[in-house]
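Working notes, beginning with the structure itself.
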Amino acid sequence: MNNTKEHISQNPDPRPVIEIKDLYKSFGNLKVLNGFNLKLMEGENLVLMGKSGSGKSVMIKCLIGLMEPDSGSIEVLGNDILKLKQQELDELRTEIGFLFQGSALYDSMTVRENLEFPMRRHTNKVDLKNTDELVLEALESVGLASAIDLMPAELSGGMQRRVALARALILKPKIILYDEPTTGLDPITAKEIILLMMSIQKKYKTSSLIITHDVDCARVISNRMILLLNGINYAEGTFKELSSSKDPKVQAFFK
Amino acid sequence: MLKSSRFTKGMISFFTEVGEVTKFAGRFFREVFSLPFEFKELLRQCYNMGNRSLLLVGVTGFILGLVFTLQSRPTLLEFGAAAWMPSMVSISIVREIGPVIIALICAGRIGSGIGAELGSMRVTEQIDAMEVSGTNPFKFLVVTRILATTLMLPILVIFGDFIALLGSALVEYIKGSVSFQLYFNQVFDSLNFSDIVPATIKTFFFGFAIGLIGCYKGYNSKKGTAGVGQASNAAVVYTSMLLFVIDFIAVFISDIFYE
Ligand SMILES: Nc1ncnc2c1ncn2[C@@H]1O[C@H](COP(=O)(O)OP(=O)(O)O)[C@@H](O)[C@H]1O
Ligand SMILES: [Mg+2]
């Protein structure tokens, strides 16, 4: 974490790598996002907190182009993702790692095949001869090189999350999006995952957007936080600022 | 009034569904011809489907031939037409019973499997994960599966027909001391081009229907584990209905042609 702060201080004028403006999204009568704004700076660990069902996953899916927002603009690394062609979007996605809420490992493939999958169509970014090395390197950085030939069903929940993390960073993305990285894990495994996220941060120098409702996770990892409430970015600030806020609605997040 | 409005609602949702399936099929035809082609995955699917249903189709076919022959023997004997057995059995099995029964079995085996597999991939966000990593999931999962069922069903039907005839020949051998050679000579004598070709063409459509509905239901599965069960169940029910509709159309068309 200290390293990240140094990383920021080396860039006196960090630029945003993600900029979301006025995002609206509803499903029928259910208004999920109501003018949501977010800026992720280069090298930053931004934590987004919100209650279950508040639209965090919807927001992150709009961000990566899995869902189309009703209105608003989303810029990632200077590209307006709503205007990109499919191929350009796919190329941009190689710069973004995505850790899904439930790991989302392909359960009919081995760990190795899971990690090779993102490299199938991005041959311009990786030398195909090096896929074995890349797979091993990514698995080593999550401490699971020995699991390379196992099936996902043979792994524990924590190991699955690690493999999913390895898959997310196999193409050495500039940005990693974490959708509830510690949900569904026991506290000790959750802590291990958090430490792992921080070491990956250090090693790969990524900018991260971390969605969570785990206060401990937010305290340890965040440089800055955004609270999502009623479809908007209700409050922003550092963990200290927000956790000592007088606003009862903000307080509720830290109970 | 209440009755009619419920009926209208049902009709509207039925036609909406038909429209959605048609759109899904349209997307299949658009993407099946665009590069890159997922050849390895297609082979894997073909192999899996064949592997998983071969035994089932074989056993069903064998019993079908056995039972069908045992049941018709007394009637044919009564008319002194026992010698007609091979041609009667082969024509009815190859033309109609074989394709329909085996397609129904495959709808239960393969169609429900596809519905459940894609449904669980949808629910656990594996389909989203594919999309994010730059692979078109429709092409990788749906196109390969629909192609695989379309190609594999005719093969499975031909295999099942053959085993059914073998079962029938066994009955004739035991009960009527007709040698296998004689039996199959008669079978091939009585089967015409006009029996085999339309029946085989039909099975491609059966295979397409099984893949299409299974994929449609699974790919658009609703959230939650209940969604997976629903997808798999609905795949079998709708496919079975569709199979009969296709069969009716096929019989109707070939009737016009061979009048
Ligand atoms: N594809 C969808 N269709 C309809 N409603 C959806 C869809 N995806 C999410 N929702 C609804 O949007 C709301 C926010 O969901 P989500 O973003 O998953 O919440 P969370 O903040 O827990 O990640 C929920 O009420 C959910 O039911
Ligand atoms: Mg969520």
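Throughout, a chain's letter reflects where its sequence line sits, starting with A, and its residues are numbered from 1.
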**Prompt:** Would you find a donor on one side and an acceptor on the other, under 3.5 Å apart, between the side chain of A:Tyr106 and the backbone of B:Ile127?
**Reply:** no

**Item:** Per-residue contact mode, A:Leu89 against chain B (heavy atom under 4.5 angstrom)
**Value:** neither

**Request:** Measure centre to centre between the rings of B:Phe140 and A:Phe117, then say whether the value is under 6.0 Å.
**Result:** yes

**Message:** Given 3.5 Å as the limit, does a donor-acceptor pair link the side chain of A:Arg93 with the main chain of B:Glu131, or not?
**Reply:** yes

**Prompt:** Quick check: are there more than 12 heavy atoms from other residues, nucleotides or ligands sitting under 6.0 Å from OH of B:Tyr47?
**Reply:** no

**Asked** Taking the side chain as C-beta and beyond, is there a heavy-atom pair between B:Glu125 and A:Ser57 under 4.5 Å?
**Response** no

**Message:** Applying a heavy-atom distance below 4.5 Å, give me the residues of residues 59-78 of chain A that approach chain B, sorted by number.
**Reply:** A:Lys61, A:Ile64, A:Leu66

**Prompt:** Tell me, do A:Phe100 and B:Val132 make a side-chain contact under 4.5 Å, heavy atoms counted?
**Reply:** yes

**Gap between atom CG of A:Asp107 and atom OG of B:Ser120 - 0.5 Å precision** = 5.5 Å

**Prompt:** How many angstroms lie between atom CG of A:Leu115 and atom OG of B:Ser133, to the nearest 0.5 angstrom?
**Reply:** 11.0 Å

**Message:** Are there over 12 heavy-atom neighbours, none belonging to B:Phe244, within less than 6.0 Å of that residue's CZ?
**Reply:** no

**Prompt:** In terms of heavy-atom proximity below 4.5 Å to chain B, should A:Gln101 be classed as side chain, backbone, both, or neither?
**Reply:** both

**Asked** A:Ala104 and B:Gln126: which non-hydrogen atoms are nearest, and at how many Å?
**Response** O-CG, 3.9 Å

**Prompt:** How about B:Tyr238: does its OH atom have over 12 heavy atoms from other parts shown lying under 6.0 Å from it?
**Reply:** no

